[in-house]
Amino acid sequence: MSTDDKNRAIAAAILPLVGGAGNISSVAHCMTRLRLGLRDRSLVQDEALKALPSVMGVVEDDTYQIVLGPGTVARVTPEFEALVAEEAAARPHHTPSAEELADKGAALKAAQKQKNATPFKLFLRKIANIFVPLIPALIGCGIIAGLNGLLINLGWLPGVTPALAAIASGFMALIAVFVGYNTAKEFGGTAILGGAVAAIIVYAGVAKIEVFGQTLSPGQGGVLGALGAAVLAVYVEKWCRRWVPESLDVLVTPTLTVLVSGLVTVFGLMFVAGEVSQAIGDAANWLLENAGAGAGFLLGGLFLPLVMLGLHQALIPIHTTLIEQQGYTALLPILAMAGAGQVGAAMAVYLRLPRNGSIRRTIKSALPAGFLGVGEPLIYGVSLPLGRPFITACVGGAFGGGFIGLFSMLGDKVGSTAIGPSGWALFPLLDGNKGLGSTIAIYAGGLLVGYLVGFVATYFWGFSREMIEEFDVDPEAAAPAPAPVAAAPASGPSPEPEPEPEPVKV
């Protein structure tokens, strides 16, 4: 079977289990998850979906998220979209009635909204949605910046390095514009107006303006100022849409939006956001210099739960602010240790359950992504369903983060010039204040500590005797016996009698 056929087969297996094309209102994906908007949540066959070999887990959020893993999800999503379009075209006259949606889905949707759609979580998701689309450019420019720095240090290609510097820095110089554009779009305004207002922040001419006794500098306030300016623009635009006569809307609304928001940005937001940005940088430096080991321990230990909840993306503005100010973020390598603890825990699970071929196959398929810093397949396919290994994985991340934080206290900061990658994939983006060799060595040491502590903690404390008796069995060999048959309902209504669902349903 070709790669395209395999991806289409995965999509074809998923579609009926989520209610078919008629139940899909939106399709998108992130680095590891297929994100679906559902019209009726009750039509989803959760257990059968989790039983598919390609599915590593599911996540309930504002969308229904199916964890497929990096690379796979980017290839399956277009096939899934094509199947949805084909099925919809084959039944053009079928439209779910209001009665169907109300009777089958209203109660469940209301309960889910009450549980998850808190103002705080909704705000964090909006922030994440603003910055996540910027990650590919941040990664690409960060790697080019690292390559350029290496060439400069080696004295190689002196005629090329200025061009590489321009390529690497161009996006960061204008990142405020992209943030403003995405912010306005996310908050329900006209995206280009948000970008236009945010562009004021990076315009060189602001250096001629004096505010509160200080002369503004281009870029002052950075992404935080751009975010605030674009949000203000959205509110001004909405006010104009409500009160400006329709015949004048096309002229008056954009003019007032840019003018009012621009004046507030120049004479207030840039100064305030600049102070806040400076405070964030100062606080991060103080924390790492004076309490680095303890802070690293807490950050590394708590990051996996944030990933599990999908809230880790809300840290992107902080990382971006630090990169703007210092050239790198010293927080990301510490947070990356959570993935190291997860990898160590997974390897311990592999050894502790030698008879369970299902879990061991899941680990073997998810470990490569885990080494590259994508922890969701291991989280949802192994440690979280088992329970205690998730906690011991957090312990591994805590010790790895504490290791890197300790060196920050000693004066050796380890940072990343971009955000997005983790694990081994972060090596090309590393930077610090004591040379590349020292930075790489400290980060590698942190990974090793995370692997080792995650492994040891899981091997010795990740399983109770009852858990070993329950999971250290061969499902295929034990299937004919009465005892395994009695435990079979735990696998759910899977249409195929495969052992794959075991690790994700415990």
Side-chain angles (χ1 to χ4, degrees), residues 30-31 70-71 74 127-154 156-183 185 191 194-195 198-199 201-204 217-227 230 277 280-281 284 312-333 335-336 372-374 413-433 435-436 439-440 443:
C30 60
M31 291 181 67
I127 298 300
N129 291 339
I130 291 167
F131 287 92
V132 167
L134 306 180
I135 288 179
L138 288 167
I139 294 173
C141 293
I143 292 177
I144 294 171
L147 174 63
N148 188 56
L150 180 63
L151 291 176
I152 291 174
N153 291 336
L154 295 174
W156 294 354
L157 303 178
V160 175
T161 51
L164 292 179
I167 294 170
S169 303
F171 173 74
M172 288 303 300
L174 297 175
I175 190 173
V177 179
F178 296 98
V179 170
Y181 184 95
N182 287 349
T183 300
K185 182 179 179 181
I201 293 174
V202 298
Y203 175 56
S217 59
Q220 185 171 338
V223 296
L224 298 183
L227 196 156
S277 299
I280 290 174
H312 56 300
Q313 305 287 13
L315 296 170
I316 294 176
I318 296 176
H319 292 311
T320 308
T321 298
L322 294 176
I323 292 172
E324 281 186 314
Q325 290 182 352
Q326 304 171 13
Y328 57 81
T329 168
L331 297 180
L332 185 60
L335 298 175
L372 293 175
V374 181
K413 287 185 180 178
V414 176
S416 171
T417 59
I419 55 179
S422 184
W424 293 1
L426 196 62
F427 277 108
L429 296 170
L430 290 178
D431 196 2
N433 62 341
L436 186 59
T439 300
I440 291 176
Y443 181 72

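Excluded from the calculations below are hydrogen atoms, water molecules and symmetry mates; all remaining heavy atoms, backbone and side chain alike, are included. The shown structure was predicted, so the numbers you read here are calculated from the model rather than taken from an experiment.
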Please report the C-alpha distance between Ile175 and Leu138 in whole Å, then the side-chain angles of each, then the deciding distance to 0.1 Å, and finally whether the side chain to side chain contact (heavy atoms under 4.5 Å, CB included) criterion is met. CA-CA 9 Å; Ile175 190 173; Leu138 288 167; 4.0 Å; yes
Note: Pro218 and Val202 closest approach over all heavy atoms is CB-O, 4.1 Å
Quick one: do Tyr328 and Asn433 satisfy side chain to side chain contact (heavy atoms under 4.5 Å, CB included)? Show the steps, please. CA-CA 10 Å; Tyr328 57 81; Asn433 62 341; 4.0 Å; yes
Tell me if a side-chain donor or acceptor on Tyr181 pairs with a main-chain N or O of Ala176 at a distance below 3.5 Å. no
Using every non-hydrogen atom in the two residues, find where Leu372 and Ala425 come nearest and quote the distance to one decimal. O-CB, 3.7 Å
For the atom pair CG (Leu150) and OG1 (Thr161), what is the distance rounded to the nearest 0.5 Å? 11.5 Å
How close do Ala336 and Tyr443 get, heavy atom to heavy atom, and via which atoms? CB-OH, 3.8 Å
Heavy-atom closest pair (Leu332 atom, Ser416 atom, distance to 0.1 Å) is CD2-OG, 3.7 Å
Whether Phe171 and Phe178 hold their rings parallel, tilted or perpendicular, with breakpoints at 30° and 60°: tilted
Atom pair CD1 (Ile143) and CG (Asn148), whose distance is rounded to the nearest 0.5 Å: 13.5 Å
Taking all non-hydrogen atoms of both residues, which atom of Pro421 and which atom of Leu429 are closest, and how far apart? CG-CD1, 3.5 Å
Between Ile280 and Leu224, does a side chain to side chain contact (heavy atoms under 4.5 Å, CB included) hold up when you go through it step by step? CA-CA 11 Å; Ile280 290 174; Leu224 298 183; 3.7 Å; yes
Separation between CD1 of Ile318 and CD1 of Ile419, rounded to the nearest 0.5 Å: 11.0 Å
Out of curiosity, Asn182 CG to Leu227 CG, how far, rounded to the nearest 0.5 Å? 10.0 Å
Polar side-chain atom of Asp431 near backbone of Thr417 as donor-acceptor pair, under 3.5 Å: no
Over all atoms of both residues, closest heavy-atom pair of Ala284 and Leu322: CB-CD2, 4.0 Å
Roughly how far, to the nearest 0.5 Å, is the OG atom of Ser277 from the CD atom of Glu324? 7.0 Å
Pair Leu335, Leu315 - check side chain to side chain contact (heavy atoms under 4.5 Å, CB included), show working. CA-CA 10 Å; Leu335 298 175; Leu315 296 170; 3.8 Å; yes
side-chain contact (heavy atoms from CB on, under 4.5 Å) partner of Ile316, chosen from Ile135, Val223, Thr329: Ile135
Could you grab the distance from atom CD1 of Ile152 to atom CG of Leu147, nearest 0.5 Å is fine? 10.0 Å
